[in-house]
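Note that the structure is a prediction, hence the values are computed from the model and not measured.
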Amino acid sequence: MSEQQPYEAGRAIAGTGMGGAMDLAASEATTLERTPGGPEGTGPAGRPRSLWSDAWRDLRRDPVFLVSALVILFLVFVSVWPSAIASGNPLTCDLAKAQDGSAPGHPFGYDGQGCDVYTRTVYGARTSVTVGVLATLGVSVFGSVLGGLAGYFGGLWDAVLSRITDIFFAIPVVLGGLVLLSVVTSNTVWPVIGFMVLLGWPQISRIARGSVITAKQNDYVQAARALGASDSRILLRHIAPNAVAPVIVVATIALGTYIALEATLSYLGVGLKPPSVSWGIDISAASPYIRNAPHALLWPSGALAVTVLAFIMLGDAVRDALDPKLR
């Protein structure tokens, strides 16, 4: 017996699952007990997965997200470095080539003023993406702060903000743009961005308000308040991380809407104005020549449609990943 004790102390008996057992070393038995991914709902080493890690795992497997993300990354690259794929100047025009079709070095042809459609389409992405991103950031920050504070504190502040948002919801966006931007003489993107933030924050504010009201009723918020945590700490550390998901989804979808709104306002002549380069300006300029030079209208319109569709698809994919009810 004494000769077998060292041997048995270093061995373990593991069930085979078929009614028998097999003899294993202690190190091998320990390896069997440690599963690489942990139980269901946990990550490596058995740590519980968060909403964000689950969402990222789902997004990486979603072909809609992958395709839309690649398109958006390409648009961002073109917006930052348009000269990387277009060597010409979008403001250089030659009336002798007006409405001409494609030619070597000019695959999209020329518009009614003899400008290279390819170059203007590439450079137009910078304006549209810049307006969309900055307007979305402004709307998200401004609306989230107001809505979050109203949802958390409630009372008079919540009632006043709710009535103000109702007033802004009653203003038609395009009509408001025609009225407000028609008196602006600046030729930069800032008046357009300011207008979008002015009329766009109520939607994000209402989403943030409802999300904060739901989050502040959870037990972890009540526990933090019972422990003496300040309102700012509760808002920033406990409520905001758990209430921001709906805001991200709405903001992602709204980004494509703001790009389309900028093109609409520029088409109507109250947004960006020449010599600025914008898809809306090019669509407006090419509309009278749609029969003689349809290519001048096709390419900027196609670029606008693909861009808006990419952001809407991205928002839908993010919504599906972040909404537990859709799992």
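One hydrophobic cluster, built from ILVMFWY side chains closer than 4.5 Å, holds both Leu235 and Val145. Val179 is not connected to Val192 by any chain of hydrophobic side-chain contacts under 4.5 Å among Ile, Leu, Val, Met, Phe, Trp and Tyr, and they are in different clusters. Criterion: ILVMFWY side-chain heavy atoms under 4.5 Å apart, direct or through other members. Under it, Trp299 and Leu91 are not part of a common hydrophobic cluster. Under a hydrophobic-cluster definition in which Ile, Leu, Val, Met, Phe, Trp and Tyr are linked whenever side-chain heavy atoms come within less than 4.5 Å, directly or via other members, Val160 and Phe142 are assigned to the same cluster. Met313 and Trp56 fall into different hydrophobic clusters, where Ile, Leu, Val, Met, Phe, Trp and Tyr are joined by side-chain heavy atoms under 4.5 Å apart, directly or via other members.
To the nearest 0.5 angstrom, Ser284 atom OG is 10.0 Å from Leu297 atom CG. For the atom pair OG1 of Thr307 and CZ of Phe74, the computed distance is 10.0 Å after rounding to the nearest 0.5 Å. Distance OG/Ser68 to CG/Leu309: 9.0 Å, rounded to 0.5 Å. Taken from CH2 in Trp279 to OH in Tyr123, the straight-line distance is 14.5 Å, to the nearest 0.5 Å. Between the CD1 atom in Ile281 and the OG atom in Ser266 there is a gap of 5.0 Å [rounded to 0.5 Å]. Rounded to the nearest 0.5 Å, atoms CD1 (Ile213) and CD1 (Ile239) are 10.5 Å apart.
At least one donor-acceptor pair under 3.5 Å links the side chain of His295 to the backbone N or O of Tyr110. Remark: side-chain polar atoms of Thr165 are paired, donor with acceptor, to backbone N or O of Ser162 under 3.5 angstrom. Side-chain N or O atoms of Arg120 include one that pairs as donor or acceptor with a backbone N or O of Pro90 at under 3.5 Å. With hydrogens and angles ignored, the 3.5 Å screen pairs no side-chain donor or acceptor of Ser205 with any backbone N or O of Trp201. In this structure a side-chain-to-backbone donor-acceptor pair under 3.5 Å is present from Lys273 to Gly271. Checking side-chain atoms of Thr121 against main-chain N and O of Val117 turns up a donor-acceptor pair under 3.5 Å. In this structure, the side chain of Thr127 engages the main chain of Val277 through a donor-acceptor pair within 3.5 Å. When atom types are taken as modelled, the side chain of Thr252 and the backbone of Gly315 share no donor-acceptor pair closer than 3.5 angstrom.
Heavy atoms only, all atoms of each residue included: Gln222 and Lys216 are closest at NE2-O, 3.0 Å. Here the closest non-hydrogen pair linking Thr188 and Leu272 is O-CD2, 3.5 Å. Minimum heavy-atom separation, Ala215 to Val221: O-CG2, 3.4 Å. Taking all atoms of both residues into account, the shortest heavy-atom contact from Gly200 to Val139 is O-CG1, 3.4 Å. Across every non-hydrogen atom of Asp100 and Ala96, the tightest pair is OD2-O, 4.1 Å. The two residues Val308 and Ile259 make their nearest non-hydrogen contact at CG2-CG2, 4.4 Å.
Taking the side chain as every heavy atom from C-beta outward, Leu180 and Leu198 approach each other to under 4.5 Å. Side-chain atoms of Asp231 and Phe153, non-hydrogen and from C-beta on, do get closer than 4.5 Å to each other. Annotation: side chain of Val174 is in contact with side chain of Leu268 (closest heavy-atom distance under 4.5 Å). Looking at Tyr258 and Leu134, their side chains never come closer than 4.5 Å, going by heavy atoms from C-beta outward. When side chains are defined from C-beta on, Leu255 counts as touching Val133, because their heavy atoms get closer than 4.5 Å. For the pair Asp320/Asp58, no side-chain contact is recorded, criterion being any heavy-atom separation below 4.5 Å from C-beta on. Counting heavy atoms from C-beta outward, Ile234 and Tyr152 have side chains that approach closer than 4.5 Å. The shortest side-chain heavy-atom distance between Met196 and Val131 falls under the 4.5 Å cut-off.
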Item to check | Derivation and outcome, side chain to side chain contact (heavy atoms under 4.5 Å, CB included), residues Arg206 and Asp166 | outcome: CA-CA 10 Å; Arg206 182 160 290 183; Asp166 291 339; 2.7 Å; yes
Next on the checklist: side chain to side chain contact (heavy atoms under 4.5 Å, CB included), that's the test. Do Ile253 and Phe311 meet it? Break it down for me.
Outcome noted: CA-CA 6 Å; Ile253 298 176; Phe311 280 105; over 6 Å; no
Checklist entry - Does the side chain to side chain contact (heavy atoms under 4.5 Å, CB included) test come out yes or no for Val173 and Leu261, once each step is laid out? => result CA-CA 9 Å; Val173 177; Leu261 179 59; 3.6 Å; yes
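Heavy atoms from other residues, nucleotides or ligands lying under 6.0 Å from CD of Gln113 number 12 at most. Counting non-hydrogen atoms of neighbouring residues, nucleotides and ligands closer than 6.0 angstrom, the CD1 atom of Ile290 reaches no more than 12 such neighbours.
Applying the disulfide bond (SG atoms under 2.5 Å apart) test to residues at least two apart or on different chains, none of the pairs has a partner in residues 166-265.
For the residue pair Asn218 and Tyr220, a side-chain donor N or O sits within less than 3.5 Å of a side-chain acceptor on the partner.
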